[in-house]
Number of protein chains: 2
Amino acid sequence: MNKNNISKIRIKDIAGLAGVSAGTVDRVLHNRGEVSEKTRKKVLEIIRELDYQPDILASLLAAKRNFRIAVLIPEVNQGSTFWRYPMEGIEDGLREIMHFGISLERYFFDYFDRKSFIEKSAKVIESMPQGLVLAPVFAEEATSLVKRCREIKIPVVLVNANVCLENCIAFVGQDSFQSGMVAAKIMHYGLKDNDRILIVNFMKKEVGRQAHIVKREEGFRSFYESNLKHHGKAFGFLNVTDVSEKNMEMVLEDAISSSSEQLKGIFVTNSMVFHVARFLEKNDLNDIVLIGYDLLEENMTYLKKGIIDFLISQRPYEQGFKSIMALFHHLVLKKEVDRDQFLPIDIITKENLGHYIYK
Amino acid sequence: MNKNNISKIRIKDIAGLAGVSAGTVDRVLHNRGEVSEKTRKKVLEIIRELDYQPDILASLLAAKRNFRIAVLIPEVNQGSTFWRYPMEGIEDGLREIMHFGISLERYFFDYFDRKSFIEKSAKVIESMPQGLVLAPVFAEEATSLVKRCREIKIPVVLVNANVCLENCIAFVGQDSFQSGMVAAKIMHYGLKDNDRILIVNFMKKEVGRQAHIVKREEGFRSFYESNLKHHGKAFGFLNVTDVSEKNMEMVLEDAISSSSEQLKGIFVTNSMVFHVARFLEKNDLNDIVLIGYDLLEENMTYLKKGIIDFLISQRPYEQGFKSIMALFHHLVLKKEVDRDQFLPIDIITKENLGHYIYK
DNA sequence: CTGAAAGCGCTTACAG
DNA sequence: CTGAAAGCGCTTACAG
């Protein structure tokens, strides 16, 4: 009575004050009609006055409601280990909210196989979950999935890449352009003004040109553009589609020797940076600054060895965690969720790596 | 029936199988005695076999239990704005868990006033909360508070600084030593091998020598120690107790001109780095790399201007969030919580600052 | 040591 | 359009 009487107004209290039954209050609360305008007004008035907050625990218990959330993301295999971390974030998030009657359906597609994405999409739709966490790797197919979800009223949260956001409730990921700027800043800080820099893009034919990769490169270039002294600075550029050691050897040797000036920095626009690191290690090119993305096992190994100097990380674990939480807030707590949820752009070095690693 | 029959075993079911009543099962479940060893065994057996998971929502609702969590941290005032962010994290965490009947009592002490810490400690004890989030700014006093809490069975989570952890359930904060190493790595990466570096410590008499400040400096030095080439490298060193502009002017001018070699980098071991930045700006010392801690308003201003080059951040918001969550897991969900919860050591530049700022 | 009953605050048919 | 009753899964006295 003394300490805990804060906001303990119950439906019963409202009903009493309005001179109606609890059932009627409930009908008003959930807009399920069958209430005369007059009583509706009266009840709403009282609710507002008392700032009534429903007891969500009791509500969930009584309604025996169950939420099925689906997640459609790439499977983890040796060609693609990144998605392990978002999935861990999702599972941990699930553990926090499962008491609210939430269950998770997991759908994994092959990162390099458009068809498998389409197949799994169909399965998701077939299952009719109450919400979806989606990694829109294949932009076109993802867009049509999102549109379909819109039609059948399944709220979608996009994770990691942003596609067709207008039909989704939120995007959780990184600001790719800005992350490229960060990479450039770090690169520039460690080099001298006229040092030669190479930008390396990895692009598998199966996947195509991904928007966030393009943005990263643009961000990188724009750092130099916005700096008067470097306006118009020229970069070496390399587009790699074949990651075999032999090919890597060939194209990198070529790129490095293509100018009389010594190459001082390499920026790789995605997580495939370890392929470049392997080459640098083998050829004892220790004085080239190498910057890339993501804490893959291979990348971390080269970071610890000092071959990779910096990795940009996108907080994959948090991306997963926040995605499922966004859906939870939307579905269960009926709260507004932020549409754009950009995670910080983390700069990882050998020295701070330890505390970024997920258990 | 088809999809949602997963783990929907109820107390009633257990009771039925054991041939007892729900009340008895409950008594076993909560170890509140008054059950014959024989029935106890039987009930436990069935619980294990069926992997019974109690419905925590129903449990909380029926028990009408209320948890009061206290937080004892520095107040936010102009001399100390850092604690705004942990507090925001705590409030946001609270919002996530308030449905479980959790309320928060806020106790703020003056960062520079030992007495006020002692006073507020007494109030906390007097109130007898079920849990405490504590910023142990004054090591000695905090230790005895923690001991007292131990005696009266109030679980404590330490936030930001680590003191007397053996009597607490968790520490949430940063690895200070490592953060110093990170600062050194960044510093070193941008300078030439023999450039002169100055370490600046701010220390208010009222607070004394704080363990985490010492550790940061040690970490910074150890980076160079562990690098053969720099073994024995000498640093300039400055201990500032008076932050007036006049004094800052004097001591910094002195430190800078104390050697014929030009000073190239300054490492400030805490958030007071803006005092140094002000000096550098005023005296047009643009080519000195300046690294310090924490995203205070003043620091962010100088970071944007390019006077401060890097800030190390300790994720203050997350520190608050994780602290209250740790207590929640311990008290309500009865889960094990990690004892050491080190947050990543974030490297902030002008370019990635944007996405680190808390709303 | 054990069980039956009432209740937590909300929702869901059902009867009118 | 409205109310009374039963129930969600668990807990809490109370009676025996």
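Note on naming: letters A, B, ... go to the chains in the order of the sequence lines (proteins, then strands), and numbering restarts at 1 for each one.
Partners of E91(A) under the salt bridge (charged side-chain N to carboxylate O under 4.0 Å, His left out) rule, at least two apart in sequence or in another chain, are R106(A). Among residues two or more places apart in sequence or in another chain, the side chain to side chain donor-acceptor pair (under 3.5 Å) test is passed with Q130(A) by none. Looking at residues two or more places apart in sequence or on another chain, you find a salt bridge (charged side-chain N to carboxylate O under 4.0 Å, His left out) between E141(A) and R114(A). For D13(B), the salt bridge (charged side-chain N to carboxylate O under 4.0 Å, His left out) partners are R10(B), not counting sequence neighbours. The side-chain contact (heavy atoms from CB on, under 4.5 Å) check on S121(A) picks up L72(A), F117(A), L145(A), with sequence neighbours excluded. Legend: residues meeting side chain to side chain donor-acceptor pair (under 3.5 Å) with Q319(B), ordered by chain and number and at least two apart, are N160(B). Among residues two or more places apart in sequence or in another chain, the salt bridge (charged side-chain N to carboxylate O under 4.0 Å, His left out) test is passed with R339(A) by none.
Sequence neighbours left out, the pairs with a member in residues 143-160 of chain B that pass salt bridge (Lys or Arg N to Asp or Glu O under 4.0 Å) are R148(B)-E151(B).
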Enumerate the protein-to-nucleotides 1-5 of chain D contacts in which both atoms are nitrogen or oxygen and the separation is below 3.5 Å.
from, atom 1, to, atom 2, distance (Å)
dT2(D), OP1, S36(A), OG, 3.4
dT2(D), OP2, S36(A), N, 2.9
dT2(D), OP2, T39(A), OG1, 3.0
dG3(D), OP2, S21(A), N, 2.9
dG3(D), OP2, S21(A), OG, 3.3
dG3(D), OP2, T24(A), OG1, 2.9
dG3(D), N7, R27(A), NH2, 2.8
dG3(D), O6, R27(A), NH1, 3.2

Expected rows: protein N/O vs nucleotides 6-8 of chain D N/O, under 3.5 Å:
from, atom 1, to, atom 2, distance (Å)
dC8(D), O2, A62(A), N, 3.2

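For L60(A) and dT12(C), the CG to P distance is 11 Å, given to the nearest whole Å. Rounded to an integer number of Å, the gap from NE2 of H30(B) to P of dT12(D) is 8 Å. The nearest whole Å value for the distance from the CG atom in N66(A) to the P atom in dG9(D) is 11 Å. Between I56(B) atom CD1 and dC10(D) atom P there is a gap of 11 Å when expressed in whole angstrom units.
At a threshold of 4.0 Å, the pair E88(A)-R84(A) counts as salt-bridged, since one of the basic side-chain nitrogens sits closer than that to a carboxylate oxygen.
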Reading DNA chain D 5' to 3', what string of ( ), [ ], | and . shows its pairs, if Watson-Crick and G-U wobble pairs count only when both distances fall under 3.5 Å? |||.||||||||.|||
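A sub-4.0 Å separation between OP1 or OP2 of dC10(C) and a side-chain N or O of Y52(A) is present.
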Without placing hydrogens or testing angles, list every side-chain donor-acceptor pair under 3.5 Å for residues 38-45 of chain A, not counting sequence neighbours.
from, atom 1, to, atom 2, distance (Å)
T39(A), OG1, S36(A), O, 3.0
T39(A), OG1, S36(A), OG, 2.9
E45(A), OE1, R48(A), NH1, 3.2

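Relative ring orientation between F100(A) and H99(B) is described as perpendicular, the plane-to-plane angle rising above 60° on a 0-90° scale split at 30° and 60°.
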